[in-house]
Protein chains: 2
Amino acid sequence: MGTTQLESVPEPKYWHLKTVIGEALDTDFAVGEILPNERDLAARFGVARATLRQALEQLELEGRLQRRRGVGTTVAPPRVGVDVSTTQHQWPGTAEDNWRAQDCATADVPAAVARLLDLDPAAAAPVHTVRRIRLTHGQPVAAEQLYVPASSVPALPAIEAPSGPARARAVLRELQRLTLEGQDRAVELGSARADDARELDRLPGSPVLVVTTRYLSAGRTAAVSLGTYRADTCRLTFGDAGDLQIAS
Amino acid sequence: MGTTQLESVPEPKYWHLKTVIGEALDTDFAVGEILPNERDLAARFGVARATLRQALEQLELEGRLQRRRGVGTTVAPPRVGVDVSTTQHQWPGTAEDNWRAQDCATADVPAAVARLLDLDPAAAAPVHTVRRIRLTHGQPVAAEQLYVPASSVPALPAIEAPSGPARARAVLRELQRLTLEGQDRAVELGSARADDARELDRLPGSPVLVVTTRYLSAGRTAAVSLGTYRADTCRLTFGDAGDLQIAS
DNA sequence: GAGTGGTCTAGACCACCGC
DNA sequence: CGGTGGTCTAGACCACTCA
């Protein structure tokens, strides 16, 4: 090719493909436009479909493509900034914050979460598990599981509907009566569990950004939340970083 | 099988494999232990190697496995928490903060970064680019490219070594003389560029968490940093979240 | 039913590591 | 040098969407 570099370390085909297609996306395609199908693309580049797919997978990982089974591959819009600041010292569910309460149950608590909540592993203390979906521009971008020990919301009326959105909102309401002293937050890469994937309109195993939050009140952990954000479409922002953008 | 659920939606083999192997990791293996090689494992589970690899890839993505060409697949230690709080209002390079200044050049600035810096795209204003590596327990966990417009550090002696670690430290030193008014930060998923991959001891294209930071001083953007964190080994923490842990 | 992306196979060769 | 994971091929079938 026209490279000035000695090909002493030949880069993998899929890597080169990714670069070529990535550049084509910038110049020849508009957001939302449909690419040729994988078989055609593979033939056009003279590679096996598996190799072509490896390149597309990376581009999808970087948020540049969107692939949907039965439909096709489209050029993705820029990632949306989703604010997850810890500075605004607020309980979840306060005011209108783009979350939609889905449900509330008393499901089992993962051991790792139980440890964060300082629960006695043997006691099997009751914990409310609130399920919420975060929407941006009408699209679901995150699913959250919020764990609230019953001891954190002692005044919660037991009579209320035992489950459903109303119950979830009741738990959030009770939580907001406590004094929030701080939040600790962590972000890491994960893959979507089956239930999260369904609500985020993705396939199981899709890459997600897992946001773990610990809510502190009265010197103890009053609640723990496990947020699952679509890694392909989301950019998590802290502070007024709504216009910070990508680079990969 | 013994499932109570109708197998109306059969899960993919690799997904099932991932679950089985993941459970085996918890019970039968210790951190650092070497797994059987891929050909043996595939044969043992009665699947093609490509399918087995798909399962291993996911487990690696979740930080549970570590694979090295020529060596083998080992059980990964838990992810290390890396603090990236924005609250401690500090310039980069202040005191001992686990970063090692590598180099400083006057390389070209990506268009996206130039926009963040409010640079005139036509003017080609000079920008110092500082390269740093972040170490944790002696292991590199992040590579950073810091863009500092020359106008932000006017007093930087032009006479000093034009490149190298000393130059990098000089730029950081000058930066610290400014009043830091705030930082905006964003986190998103990316794939490692070739140079980042080399310094992080990963293959190009490995998943990384890209942390974009904008440093504000005197009402303008004084510097922009692009941090690339290993997604397999890192958990980014905000606040005292060092002991928050995984779930995926 | 036609066309898409998702899964899976059974091979092959290559790049890298450590002995 | 042998053994490891990484790349690549050329097929096949399946699950899904939409006209």
Listed pairs under 3.5 Å, donor-acceptor, residues 198-210 of chain A side chains, sequence neighbours left out:
| residue | atom | partner | partner atom | Å |
| --- | --- | --- | --- | --- |
| A:E199 | OE1 | A:R131 | NE | 2.9 |
| A:E199 | OE1 | A:R131 | NH2 | 2.7 |
| A:E199 | OE2 | A:Q102 | NE2 | 3.0 |
| A:R202 | NH1 | A:D232 | OD2 | 3.0 |
| A:R202 | NH2 | A:E60 | OE2 | 3.2 |
| A:S206 | OG | A:L203 | N | 3.3 |
| A:S206 | OG | A:L203 | O | 2.4 |

Closer than 3.5 angstrom, by distance alone: can the side chain of B:R44 be matched with the main-chain N or O of B:P36 as a donor-acceptor pair? no
Do any of residues 65-76 of chain B sit with a heavy atom less than 4.0 Å from DNA chain D, and if so which? B:R67, B:R68, B:R69, B:G70, B:V71, B:G72, B:T73
CG on B:D196 to CD1 on B:I133, rounded to 0.5 Å: 8.0 Å
Residue set satisfying salt bridge (Lys or Arg N to Asp or Glu O under 4.0 Å) with B:R53, at least two apart, ordered chain then number -> B:E38, B:E57
Protein-nucleotide distance (B:L17, atom CG; C:dC8, atom C1'), rounded to Å: 12 Å
Any side-chain donor near an acceptor of the partner, B:T73 and B:R67, under 3.5 Å: no
Check whether A:R230 reaches the backbone of A:P140 with its side chain - one donor and one acceptor, N or O, closer than 3.5 Å. no
Could you tell me the separation between the CG atom of B:D201 and the P atom of C:dC16, rounded to a whole number of Å? 13 Å
Parallel, tilted or perpendicular: rings of B:F238 and A:F238 (30°, 60°): parallel
Any residue of residues 50-60 of chain B with a heavy atom less than 4.0 Å from an atom of DNA chain C: B:A50, B:T51, B:Q54
By nearest heavy atom, map A:P12 and A:R49 onto DNA chain D; which one lands nearer the 5' end? A:P12
What is the distance, to the nearest angstrom, from the NZ atom on B:K18 to the P atom on C:dT7? 12 Å
Taking all non-hydrogen atoms of both residues, which atom of B:W15 and which atom of A:A192 are closest, and how far apart? CH2-O, 3.4 Å
Restricting to pairs with a member in residues 21-34 of chain A, which pass salt bridge (Lys or Arg N to Asp or Glu O under 4.0 Å), not counting sequence neighbours? A:D26-A:R64
Please state how far atom CZ in B:R198 lies from atom C1' in C:dC16, giving the value in whole angstrom units. 16 Å
Given atom CG of B:L203 and atom P of C:dC16, what is their separation to the nearest angstrom? 9 Å
Which heavy atom of A:R235 sits nearest to which heavy atom of A:R79, and what is that distance? NH1-O, 3.2 Å
Using a cut-off of strictly less than 4.0 Å between a heavy atom of the residue and any atom of DNA chain D, enumerate the qualifying residues of residues 33-41 of chain B by number. B:N37, B:E38, B:R39
Measure from OH on A:Y14 to C1' on D:dG6 and round the result to the nearest Å. 8 Å
